[in-house]
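Below you'll find the structure, written out as structure tokens, and then a few comments.
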Amino acid sequence: MPVTDTGFKRDEMDDLREMVNQFFIDQYGDGIDMQDNQTTGLLAGVLSKFWDMFESTAQGVFNALFILKCKGGNLDDRAAEEGINRNPETYAAVELQLTGYLQASIPAGTEFSTEAGQIFATDADVTITSQASTTTDGVAEPLTDDDGEPLGQITVGANALETGVDSNVMPGTIINSEESLDGFYGVTNPNGATGGAEAETDQELQLRVIANRTSKPNSTDNGIQTAIKNIAGVKDARLIDNKTMAVDSYGNPAKSVHLYVIGGDDVTIAQTYFDYLPPITDTVGKVSETVTDVGNKEVVINFDRAETVPVFVVIGLKVDGTSFDTDAGPDTIKQNIMSYFDTLTMGDGVPYSKMFGPAYSPAGVKDVTVALGTTTDATKEQDIAVTDFQLAVTSADNITVNVEEG
């Protein structure tokens with residue numbers, strides 16, 4: 001068994017073949033012909049292949065002992081022993097702002113979409129009952145259509161029809177109705193959609209297991225954050241615990257806790273939050289959900305959704321036309337940039353220098369320029385800063401790659 005002081009050492013196929021050849025020579029003498037066109041050589045090749053298969057199995061068994069080495073089902077089993085399950089693929093959720101004429105009703109299941117084709121269905125029946133207003137230069141004015149007819153607005157939750165990160169769309173991108181609606185005037189999403197995810201990868205699960213070992217779910221601040229991050233669809237969570245008898249620098253009241261979350265289901269978050277909170281804890285936030293304690297008593301739990309900040313990226317390339325793939329190259333750059341954004345957590349800014357690595361990743365790139373901005377008309381060579389409770393996000397549609405041969 002090739003287990004050494006430094007771990008499992010798996011021999012290459014060529015080395016295995018050499019050892020099998022040497023075994024035949026040791027048994028039958030130097031005169032034996034081990035060429036592949038000879039019976040002994042063919043047999044040695046078969047034995048080498050089976051030896052390699054055995055080595056692969058042995059390596060898998062050895063690696064199954066270690067969280068950072070095991071894969072697939074073995075990793076699932078190891079994680080389950082610690083009470084952690086692989087997160088499944090999830091649907092993105094978003095709040096839609098619907099504008100329409102008074103008494104217009106929009107039933108649950110009404111579908112709205114982006115220009116790129118991501119479709120979201122509302123999760124409740126809503127009726128517009130009062131006229132809305134707009135504020136211009138600090139002056140509020142009643143909201144009307146072009147003919148002066150009054151318009152109202154209402155907010156409703158919606159969920160993507162397909163799982164995955166592609167449905168984590170940017171603010172202001174859900175603008176189309178998929179069906180004809182009486183009294184409907186317009187729709188938008190003031191904030192980006194969150195919570196859409198692919199099934200958790202081996203690496204993501206490995207890192208989450210390690211994080212749970214470092215700070216197990218419990219009633220401490222870090223433990224509560226860990227418990228919330230274990231919820232399917234949650235990308236990030238941050239807890240502010242004001243243990244003082246005065247209002248803190250964030251405006252939280254004395255002896256209160258304030259949870260900020262990106263992604264995940266409201267009810268699941270609230271129940272998990274409550275399950276790990278110390279007794280008699282005052283929770284703060286605009287999202288309120290009713291949960292139950294061990295005695296089936298109802299308790300109201302509050303938390304907040306962290307804000308997503310869309311970042312627009314403009315990459316300028318000078319390339320060698322003979323080696324740069326004009327079809328796959330820009331897509332590779334976009335994917336690598338989005339992968340970098342996936343590593344960000346709340347409060348992390350985006351240094352423009354971090355975009356150079358992804359931009360240079362395809363073959364044939366000779367020179368790169370980078371511009372970042374939070375709007376399409378304000379991109380420049382700058383870092384993007386966010387607040388402690390904001391998450392910088394981007395998408396393929398927010399990334400522009402301009403290619404010039406030179």
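All residue numbers in this chain count up from 1 along the given sequence.
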* What distance separates Q103 CD from S130 OG, expressed to the nearest 0.5 Å? -> 9.5 Å

* Structure fact -> When rounded to the nearest 0.5 Å, the distance separating OG of S48 from CG of D52 is 9.0 Å

* Structure fact -> Contacts satisfying ring pair (Phe, Tyr, Trp, His ring centres under 6.0 Å) that involve residues 107-144 (not counting sequence neighbours) are F112-F184

* Asked: Does D342 offer a backbone N or O that forms a donor-acceptor pair with the side chain of K235 under 3.5 Å?
  -> yes

* Asked: Under 3.5 Å, side chain of E307 to main-chain N/O of N191, donor-acceptor pair present?
  -> no

* So do V187 and Q97 actually touch side chain to side chain, heavy atoms under 4.5 Å? -> no

* Answer whether the closest heavy-atom distance between the side chains of I399 and M338 falls below 4.5 Å. => yes

* Please determine if E405 and K318 form a salt bridge, counting it only when a charged side-chain N lies under 4.0 Å from a carboxylate O. => no

* May I ask you to decide whether R17 forms a salt bridge with D11, counting only side-chain N to carboxylate O separations under 4.0 Å? => no

* Should the ring pair F356 and Y360 be called parallel, tilted or perpendicular, given that the plane angle runs from 0 to 90° and is split at 30 and 60? -> parallel

* Show the numbers, then the answer: is there a side-chain contact (heavy atoms from CB on, under 4.5 Å) between I333 and L317? => CA-CA 11 Å; I333 292 171; L317 303 179; 3.5 Å; yes

* For E200, which of R208, Q206, R86 qualifies under side-chain hydrogen bond (donor to acceptor under 3.5 Å, both in side chains)? -> R208

